[in-house]
Structures are given as C-alpha cells and as structure tokens.
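Heads up, the thing below is written out as structure tokens.
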Amino acid sequence: MKPWRAGVWCAVLLLAIGAGALAQTDAVHFSAEEKRRILAHGPWPPPAAHDAGNALSGQREAIALGRALFFDVRLSSHDHFACATCHQPALAFADGQRRSLGRGLLDRNAPSLWNAVHERWYGWDGAADSLWSQAIRPILDAREMSATPSQVHALLADDAELACRYRRTFGAAPADSDDDTVLVHAAKAIGAFVATLVSGRSAFDEFRDALARGDQNATARYPANAQRGLQLFVGRGRCAVCHSGPMFSNGEFGDTGLSFFVRPGEVDPGRHGGIAALRASPYNLLGRFSDARADAAVATKTRHVQPQHRNFGEFKVPSLRNVAQTAPYMHDGQLATLADVVNHYSQLDLERLHADGERILEPLHLKPGERADLIAFLETLSDPRATAWQPPPTTAACRQ
C-alpha cells in the first residue's frame, strides 16, 4: 500500500474509533428499575378493544354508517357542523384551537380521537363512560351541533343511502323506530367508527421493544437527547406517575395547577361537574340504552364513581401519544407549545394545587438542556401517519 493511502486509511480508522467513542459517551445507561418503567409503556398496539356498552362495536356495517355520519354536517342544525369539524383528520382528529368554536366559543378544546377506545372516561371532565354516549352530547348540545332526536331521525329516514345503511346495520328501517332509539343507534354507529381509530407505532415503540429484547444496535438508533428525556420522564420528573402504561395516561383526573376560570367570575368545575352529569345521563352504561347493563364488569366504573370535593377543577390526564401533533395543550389550550407545558411543570406554583394531602406534583426546576431533552422525548411518541388518515373509497351500500 502506498504511504499516502495508508495515511488516509489510518485517518478513516481514527475517525471511526472516535465516532464510536462519542456514541458510547452519548449512550444513556438505564437502571433495572428505569427499564422496568420504560417497558411498562408498551407494547403497542395494545389488544383490540370495543366501545363499552355498544354491541355494534367492531361490526363492519355499523362502522361504515358511523363513518358516514361522522363527516355529515346534516347531523347539526342548519347543516353547519359535523363531528369532523372539531375532530379533523389532518389535525390528528383534534381542531388545533385553544377553545373549540361551535355556535359560539366553547369552554374547552376538542381532544384527539386517536386511541379513544382505550380510554376509560370521555370528555375533559369524564361526563361520558363510552364513545357512543359521548357522541350524543355534542349532537344535542345547543352550543355545538344543536340537533334534536327528531332531526337525527329525519336525516336517517329521508336519505336513501343512510336509511339503507341503517337497515343493514340494525335490521329495521329508521321509520320503524322512535326518535330516541334512532339517535342512540346513530351514536353507536359513530362510536363503532371512532373505536377503529388506533394510531400506529412511534419511534419510542421501536426503542422500547429493542430495549426489551436487548438489541443494542437498535436502541442506539433512538436519539440520545430523547433517551435522556425518557430517563427524566420515568425518573426524577415523575411524569410516568400519571402518564403511565401504553397509552401514556392513567385514565383518571388531576389538578395541574392551572387556572380553571372560564371567564371572570365563572369557573369550570371539571371532574366534579362531569361526575354529576354522568350519573344523571340516561345514556350512561347503567341506563336502558346500554348494551352492558347485564355485564357488571363493564358498568362497574359507572356504578361506583362518586363526586368528591377534590374533584373540583380536575381534568382528565390526556394520552401523550401523538402529543406533538395536538397543540395547544390542557383542557382550554392555555399552553400553546410543548415547551410551555414543560416550563409549566418546571416552575409549578404549589399554592395553586389542591391534593387532599396527596402530593404528586412538585416543581421540577429543570435546566434548559433537560427541558430540551424532555421535549425531544415527547416528540418521539407520535405516529408519523396520525395526520394523514384518509377514509376508504365511498361506495353506495344499497340500491333502492
């Protein structure tokens, strides 16, 4: 080998060794306990689930009918709004608004519907215990779609294609049922559709599975800053106490130390009001419209939930899957970016928390680099296709 070529190869070898040493330096060492906590956030996707109290969940005809209704503005008064108005596929089935806009400005924003079938409660206050019962609320709410059961009935009876889909799903024509039955059936079809919205795998899921099988080459592909953020998330940050499991949520409610004033002199009661609304709803899992009344295991959450004083001003712990694609954040969009969320928990004002002696949240006092690492980790929780959902080609189900 000529001397100049030998020198080039030596230089290349030294650079490779240096890069390897640098990668080794950047590698994050996770303790056995940290690994256990990381692995608890998977695997993904989870086992298939169905909409609670909805015998139609998983049925192809019901899903097709629900999908059609989800995008139909005629489900609202004056044909102004569809479910998809506030749950837009291109925005990860949210609407990107601080507070959603119906017939007027609402008090909260529209959460993403991805993976909603794996949640326990619905709405920021948990006022619904199933996807189908949650669908009824905005349809009837005067500030949102402002429809009536008779209007929903008329839509399904008068539109030939919808009427045929309804008949194929339920075995009877809409005209043969009363208004309330058709409303509930429409909502259950929507619930069946929404239950199909399960997002795909993220960069974190690839890392988590590689960590589980001890594949060091694969784990090394996960960015070092995301690994540091993950270590903070499951460790000193204690984020995983509430954002736990494959959904990155414990499915319950908490006080985040943010204001819950809707407007001067008026507060949003949060979970406290949600429990009252749930128990009063004729559409809950204990009611006559539920298909789960005979299944004590399904309805037990609703049977035993009781309002407590501490629930006032608590809101649902949201899933962090696809979180980078669903800004702004919190129930009313008070925090515009992930950086704002991280800064809030870093500088948390304990005087604004009520916890009845249970203290979960503490100010994290994060350094700038730690904040950046935590954001880098959160950005790896998204399915890249979560904003690219497209409905399948529409075909006529029936011909009269």
Side-chain angles (χ1 to χ4, degrees), residues 52 86-87 94-95 97-113 116 119-146 241-243 249-287 299-319 326 328-335 341 344-345 348-361:
C86 289
H87 297 286
D95 65 0
Q97 300 295 315
R98 177 174 175 173
R99 289 162 59 185
S100 296
L101 184 64
R103 296 174 66 83
L105 186 65
L106 305 180
D107 296 340
R108 304 169 186 160
N109 58 33
S112 172
L113 294 182
E119 297 179 4
R120 295 186 65 206
W121 309 103
Y122 297 95
W124 280 106
D125 59 3
D129 52 8
S130 66
L131 287 171
W132 64 269
S133 61
Q134 169 61 20
I136 291 175
R137 187 199 57 75
I139 291 173
L140 300 182
D141 193 316
R143 299 183 305 166
E144 299 190 47
M145 299 170 76
S146 192
V241 173
C242 295
H243 293 285
S249 171
N250 62 8
E252 291 300 328
F253 303 79
D255 177 10
T256 60
L258 288 168
S259 170
F260 44 88
F261 277 89
V262 176
R263 54 192 64 85
E266 184 177 347
V267 297
D268 187 331
R271 181 57 169 155
H272 196 276
I275 292 174
L278 173 69
R279 292 174 64 84
S281 172
Y283 308 111
N284 68 34
L285 291 177
L286 301 174
T300 188
K301 61 181 181 181
T302 307
R303 181 175 292 105
H304 296 294
V305 68
Q306 295 287 340
Q308 301 178 46
H309 178 71
R310 67 174 178 83
N311 296 136
F312 202 87
E314 289 185 339
F315 296 92
K316 187 164 67 175
V317 176
S319 170
T326 55
Y329 303 101
M330 306 306 184
H331 69 281
D332 58 357
Q334 290 183 48
L335 304 179
V341 175
H344 167 69
Y345 287 111
L348 190 68
D349 182 358
L350 293 176
E351 296 298 319
R352 302 197 67 161
L353 290 172
H354 62 272
D356 285 357
E358 179 188 24
R359 176 161 292 178
I360 295 175
L361 296 178

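Note that the coordinates shown come from a computational prediction; the quantities given were computed from them, not determined experimentally.
Considering only residues two or more places apart in sequence or on other chains, Tyr122 meets the ring pair (Phe, Tyr, Trp, His ring centres under 6.0 Å) condition with none of them. For Arg103, the side chain to side chain donor-acceptor pair (under 3.5 Å) criterion is met by Ser77, not counting sequence neighbours. Under the rule for a side chain to side chain donor-acceptor pair (under 3.5 Å), the partners of Arg120 that lie at least two apart in sequence or sit in another chain are Glu252. Every residue two or more places apart in sequence or in another chain that forms a side chain to side chain donor-acceptor pair (under 3.5 Å) with Ser100 is listed here: Asp95. Qualifying side chain to side chain donor-acceptor pair (under 3.5 Å) partners for Arg99, counting only residues two or more places apart in sequence or in other chains: none.
You'll find the side chain of Gln334 stays beyond 4.5 Å of the side chain of His344, heavy atoms only. Counting heavy atoms from C-beta outward, Pro318 and Met330 have side chains that stay 4.5 Å or more apart. Side-chain contact between His331 and Leu258 is absent, with no heavy atoms from C-beta onward closer than 4.5 Å. Residues Lys301 and Trp121 are in side-chain contact: their nearest non-hydrogen atoms beyond the backbone lie under 4.5 Å apart. Within the 4.5 Å cutoff, the side chain of Trp124 has heavy atoms near those of the Asn109 side chain. Between Phe315 and Asp332, every side-chain heavy-atom pair lies at or beyond the 4.5 Å cut-off.
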For this session: Kindly indicate, with the supporting measurements, whether the criterion side chain to side chain donor-acceptor pair (under 3.5 Å) is fulfilled by Thr302 and Asn284.
Result: CA-CA 8 Å; Thr302 307; Asn284 68 34; over 6 Å; no
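Here the closest heavy-atom approach between residue Ser133 and residue Ala128 is recorded as OG-CB, 3.6 Å. Nearest heavy atoms, Leu285 versus Asp129: N-OD2, 2.9 Å. Of all heavy-atom pairs between Ala110 and Cys86, the closest is CB-O, 3.3 Å. Taking each heavy atom of Ala299 and Leu286 in turn, the nearest pair found is CB-CD2, 3.6 Å. Looking at every heavy atom in both residues, Ala127 comes nearest to Ala277 through CB-CB, 4.0 Å. Shortest non-hydrogen contact noted between Leu131 and Ala116 is CD2-CB, 3.7 Å.
For the atom pair CG of Leu361 and OG1 of Thr256, the computed distance is 8.0 Å after rounding to the nearest 0.5 Å. With values rounded to the nearest 0.5 angstrom, Arg143 atom CZ is found 11.5 Å from Leu101 atom CG. Here CG of Leu140 is found 5.5 Å from OH of Tyr283. Values are rounded to the nearest 0.5 Å. Here Gln134 contributes atom CD and Ile139 contributes atom CD1; the two are 10.0 Å apart, rounded to the nearest 0.5 Å.
For residues 262-277, every residue pair satisfying the side-chain hydrogen bond (donor to acceptor under 3.5 Å, both in side chains) rule, not counting sequence neighbours, is listed here: Asp107-Arg263, Arg108-Asp268, Arg263-Glu266.
Ser249 places a side-chain N or O within donor-acceptor distance of the main-chain N or O of Val317, the cut-off being under 3.5 Å.
Partner Asn311 forms a side-chain hydrogen bond (donor to acceptor under 3.5 Å, both in side chains) with one of Gln308, Glu314, His309 and no other, that one being Glu314.
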